[in-house]
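Atoms within a ligand are numbered from 1 in the order they appear, just like the ligands themselves.
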Amino acid sequence: MNLQQNFDLASVTTFHIPARARYYASYSSVNELKRLLDMPELRSLPVMHMGGGSNLLFTRDYPGVVLHSDIRGINFHPDPQNDTVVYAVAAAGERWDSFVETACRAGYAGIENLSLIPGSVGAAAVQNIGAYGVELADRLHSVEVYDTFSAEVVELPRERLAYGYRQSLFKQPEVAGRYVVTAVTVRLSTLNDFHLDYGPLRELSGNPALSPADVRRRVIDIRRAKLPDPDVEGNAGSFFKNPVVDKAKFHSLLGEYPDMPYYILSDGDVKIPAGWLIEHAGMKGARVGGARVYQRQCLVIVNTGSAVGADVVALSRKVQEEVMRVFGLELHPEVIFI
Ligand code: EPU
């Protein structure tokens, strides 16, 4: 728990864009978190909680305190009532992918499709990370939080967390800042019941010997081929959410663009891949200053090395304008602007 002043955030965010926080501290227990929140010099300042910094774009210096969870620990608890179920508990400060790797190594299925997603366990629960047909909310049992209103640690069951596509209770403006995630419990399975419906994972189905580690390996290969490594070219994964349109708009788009990929949702609405829209709006490789639309997956904006926050903001606006002009669709950032 060391409080640092005028802290450079470039090294703790995956965009690696320069910005400073007035104060920065990490904590490795709830007690340390409480002590930080009670420090007189910090009490009057805005506070933000940061996990792996993989979904944030600082557009200017932050005038408050950035707190980073370094609470560690991963444990497995077999369900006494059902011997095919295992509850896996990970502390908020664990790297999400270390949790997935540990679970897959132990032979438990459920989160292997979420391999290699950058960020921390705590942020994963806030963001409801998702990939290859699985969202964390599908596997989540409960989230342990520190409630800054009551100064107590409480367990929130999934039903209370208002999960949706990249959405959760923690992101609702009326609740924002109240809860700090301290641990996440997911429900895993000892049966190898995988979710392999998604495009390039389909080729794995029908193999009775398939293990969670095999699926993980394939997911890692797919992601490495398409997505830039933040340690090489700074980025925050998908910059935009995939827009959801109603049936009428979908049919009019499909009439015009018969090759457009899409996913039909359970309520009949249709999700259109923003990456495809951006590419077909002619923005593949577009640049502003040091920011560029990544060629292999246009949903990602990369920092080619010298980008500042304003470059990324300007490029993202340009992308939104072009997609609106060509397709009449509004793109909403998935990345959180600070
Ligand atoms: N596509 C293009 N051009 C592009 C990008 C995509 O034509 O530049 C097409 C692809 O060919 C494919 C379709 O669009 O037919 C979908 O692409 P992809 O499978 O890469 O998935 P996505 O919808 O673009 C979402 C998530 C990703 C996640 C993948 C895989 C969102 C915002 N993004 O992307 O999540 O890894 O599915 O499940 O939902 C992230 O959130 O950071 C992230 C990387």
Task: Presence of salt bridge, Glu334 and Arg166, under 4.0 angstrom - done: yes
Task: Best match, Glu334, Arg166, Lys241: closest heavy atom to atom 26 (C) of ligand 1 - done: Arg166
Open item on the list: A side-chain contact here means heavy atoms from C-beta on lying under 4.5 Å apart; do Leu277 and Phe240 qualify?
Closed with: no
TODO: On the 0 to 90° scale, with breaks at 30° and 60°, tag the Tyr27-His49 ring pair as parallel, tilted or perpendicular.
DONE: perpendicular
TODO: Give yes or no for whether the N/O distance cutoff of 3.5 Å, strictly under, is met between Tyr263 and ligand 1.
DONE: yes
TODO: Among all protein heavy atoms, pick out the one at the shortest distance from atom 6 (C) of ligand 1; state its residue, atom name and that distance to 0.1 Å.
DONE: Gln297 OE1, 3.7 Å
Open item on the list: Among all protein heavy atoms in this structure, tell me which lies nearest to atom 8 (O) of ligand 1, with the distance rounded to 0.1 Å.
Closed with: Cys298 N, 2.8 Å
TODO: Would you please indicate yes or no on a ring centroid separation below 6.0 angstrom for Tyr262 and Phe250?
DONE: yes
Task: Nitrogen or oxygen of Pro261 less than 3.5 angstrom from that of ligand 1 - done: no
- [ ] Write out the residue and atom name of the closest protein heavy atom to atom 25 (C) of ligand 1, then the distance separating them to 0.1 Å.
- [x] Asn242 ND2, 4.0 Å
Open item on the list: Are the side chains of Gln320 and Glu330 in contact, using a 4.5 Å heavy-atom criterion?
Closed with: no
Open item on the list: Do Ile338 and Thr59 have side chains that approach each other closer than 4.5 Å (heavy atoms only, starting at C-beta)?
Closed with: no
Open item on the list: So that I can tick it off, tell me whether Arg218 and Glu112 are bridged by a salt bridge, with the cut-off set at under 4.0 angstrom between side-chain N and carboxylate O.
Closed with: no
Open item on the list: So, regarding Arg223 and ligand 1 (criterion: nitrogen or oxygen to nitrogen or oxygen, under 3.5 Å), is there a contact or not?
Closed with: yes
TODO: Show your working on ring pair (Phe, Tyr, Trp, His ring centres under 6.0 Å) between Tyr132 and His195 and close with a plain yes or no.
DONE: CA-CA 8 Å; Tyr132 311 107; His195 190 106; over 10 Å; no
Task: atom 34 (O) of ligand 1: nearest protein contact (heavy atom, Å) - done: Leu299 CD2, 3.8 Å
Task: Identity and separation of the nearest protein heavy atom to atom 14 (O) of ligand 1 - done: Pro273 CB, 3.3 Å
Open item on the list: So, regarding Glu279 and ligand 1 (criterion: nitrogen or oxygen to nitrogen or oxygen, under 3.5 Å), is there a contact or not?
Closed with: yes
Task: Contact check, Tyr294 vs ligand 1, heavy-atom distance below 4.0 Å - done: no
- [ ] Do me a favour and list the nearest non-hydrogen protein atom to atom 38 (O) of ligand 1 with residue, atom name and distance?
- [x] Tyr132 N, 2.6 Å
TODO: Indicate whether atom 11 (O) of ligand 1 is within a distance of less than 4.0 angstrom of some protein heavy atom.
DONE: no
Open item on the list: Are His280 and Tyr257 an aromatic pair, judged by ring center distance below 6.0 Å?
Closed with: no
Open item on the list: Counting the benzene-type ring for Trp, do Phe76 and Tyr108 have ring centres under 6.0 Å apart?
Closed with: yes
TODO: Pick, from Lys226, His280, Arg296, His332, the option with the minimum heavy-atom distance to atom 17 (O) of ligand 1.
DONE: Lys226
Task: Proximity winner for atom 21 (O) of ligand 1, if only heavy atoms of Tyr198, Tyr165, Trp276 are counted - done: Tyr198
Open item on the list: Return the closest protein heavy atom for atom 43 (C) of ligand 1 as residue, atom name and distance.
Closed with: Ser238 OG, 2.8 Å
